[in-house]
2 protein chains.
Amino acid sequence: MPSSIKNIFKKGLNISISGSLWIESGTERFLGPGPVELLERISKTGSINQAAKQMGMSYQKAWRIVNTLNTQTAKPVVIVQTGGEKGGGSTISDEAKQLIKYHGQLRERFTAFLKKETIKLKK
Amino acid sequence: MPSSIKNIFKKGLNISISGSLWIESGTERFLGPGPVELLERISKTGSINQAAKQMGMSYQKAWRIVNTLNTQTAKPVVIVQTGGEKGGGSTISDEAKQLIKYHGQLRERFTAFLKKETIKLKK
DNA sequence: CGTCGTTATCTTTTGAATAATATAACGACT
DNA sequence: AGTCGTTATATTATTCAAAAGATAACGACG
């Protein structure tokens with residue numbers, strides 16, 4: 001049996017390569033999986049508040065995410081209305097939808113990378 | 001100008017894809033960059049204590065890392081001697097050196113992936 | 001058997017991120 | 001003007017992880 005990384009570890013352990021991925025500008029990191037899901041739910045519910053509730057997240061945290069996103073983008077990706085009919089609400093821009101799509105594809109490539117490395121490790 | 005992800009963001013921001021990577025078994029994650037550097041320094045100094053100091057890390061934390069590694073591997077990767085000449089000391093096994101090498105190569109492939117994605121994003 | 005610097009643990013403290021609480025502002029509509 | 005549910009923001013608690021501190025055990029060697 002040729003020396004392999006795999007059998008340095010205890011037998012029976014399910015070793016895998018794992019990681020996380022995000023988009024950042026300078027030190028500010030944003031647009032990981034959480035924010036993307038938030039965008040999707042805002043789009044569906046029309047409300048930051050309800051989107052947050054669905055995710056078991058506080059409104060404050062959701063708002064911070066939205067705010068970070070909006071300050072990093074040329075035009076706000078979440079367009080909000082405070083007050084008004086039904087008290088207000090939020091929708092997401094076309095650019096936001098583009099970002100969601102892009103993020104999904106990026107993530108697919110990343111998980112493929114991880115999978116490949118995990119398989120390679122187990123050889 | 002065709003619609004591109006890049007110019008959804010504010011002009012002038014240096015957007016990049018970033019991430020982190022580690023090896024894990026079940027829920028236990030280990031062997032990220034920190035532990036690897038620790039192994040290298042233990043190898044050079046012959047002491048967990050000194051290695052930790054060089055990295056500005058507490059001995060306790062270093063020991064926990066070493067302990068986690070040693071309990072995940074078939075044979076201890078850090079072989080320790082408590083007491084004795086000079087009070088004791090630690091060396092690393094050949095397997096540890098293999099792990100260091102493997103991790104370096106893995107990390108190279110990962111940074112290449114990130115770089116590629118960042119470039120693709122900027123097109 | 002005393003010395004040495006290290007390994008091995010336990011306990012306490014600190015600090016920072018997260019969550020909870022509270023309150024105000026908003027504006028269409030009746 | 002009053003109602004509605006939302007957005008906006010500040011303040012206070014809580015939790016949890018990391019750090020710090022303290023103490024004991026270890027064993028070759030003079």
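Proteins come first, then strands; the chains are lettered A, B, ... in the order of their sequence lines, and each starts at number 1. Please read all numbers here as calculations on a predicted model, not as lab measurements.
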I need the [atom1]-[atom2] distance between [X] and [N], as an integer number of Å.
X     : N      : atom1 : atom2 : result
B:I48 : D:dA25 : CD1   : P     : 19 Å
A:K53 : C:dA19 : NZ    : C1'   : 16 Å
B:Q54 : C:dT6  : CD    : C1'   : 15 Å
B:I79 : C:dT6  : CD1   : P     : 17 Å
A:I65 : D:dT7  : CD1   : P     : 14 Å
A:I42 : D:dT6  : CD1   : C1'   : 13 Å
A:R64 : D:dA8  : CZ    : C1'   : 13 Å
A:K61 : C:dA16 : NZ    : P     : 18 Å

Select one nucleotide: of [options], the one nearest the side-chain heavy atoms of [X].
X     : options               : answer
B:Y59 : C:dA28, C:dT9, C:dA19 : C:dT9
A:Q50 : C:dT9, D:dT7, D:dT6   : D:dT6
A:T82 : D:dA8, D:dA28, C:dT7  : D:dA8

Problem - Closest heavy-atom pair and its distance - B:I48, B:W63 - result: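 Closest approach of B:I48 to B:W63, heavy atoms only: CG2-N, 4.4 Å.
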
Problem - Which atom of B:L21 lies closest to which atom of A:L114, heavy atoms considered - result: CD1-CD2, 3.5 Å

Problem - Electrostatic pair B:R41-B:E37, nearest N-O below 4.0 angstrom - result: yes

Practice task
Could you check A:G84 against A:G46 and say which one's nearest nucleotide on DNA chain D is further toward the 5' end?
Solution key: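 Looking at DNA chain D, the more 5' nearest nucleotide goes with A:G84.
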
Quick one: is [N] close enough that its OP1 or OP2 comes under 4.0 Å of any side-chain N or O from [X]?
X     : N      : value
B:W63 : C:dA8  : yes
A:S90 : D:dT7  : yes
A:Q81 : C:dG27 : no
B:K86 : D:dA28 : no

Practice task
Mark yes or no for a side-chain to base donor-acceptor pair under 3.5 Å between A:Q60 and C:dT21, with no hydrogen or angle criteria applied.
Solution key: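 Between C:dT21 and A:Q60, which were checked side chain against base, a qualifying N/O pair under 3.5 Å is present.
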
Handout entry: 5' priority, DNA chain C, between A:G87 and A:G56 [closest heavy atom]
Key =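 On the 5' side of the pair lies A:G56.
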
Practice task
Would you kindly compare B:N49 and A:M57 by the position of their nearest DNA chain C nucleotide and give the one closer to the 5′ end?
Solution key: B:N49

Fill in the blank from the handout: CD1 (B:I5) and NZ (A:K101) are apart, to the nearest 0.5 Å, by 9.0 Å

Exercise for the section: Mind checking B:S47 for me? I need base, sugar-phosphate or nothing, with any heavy atom below 4.0 Å counting as a touch. Expected result: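 B:S47: backbone/sugar contact only, no base atoms under 4.0 Å.
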
Practice task
Please answer: with hydrophobic residues joined when any side-chain heavy atoms are less than 4.5 Å apart, are B:L39 and B:I79 in the same cluster?
Solution key: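 No: no chain of side-chain contacts under 4.5 Å links B:L39 to B:I79.
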
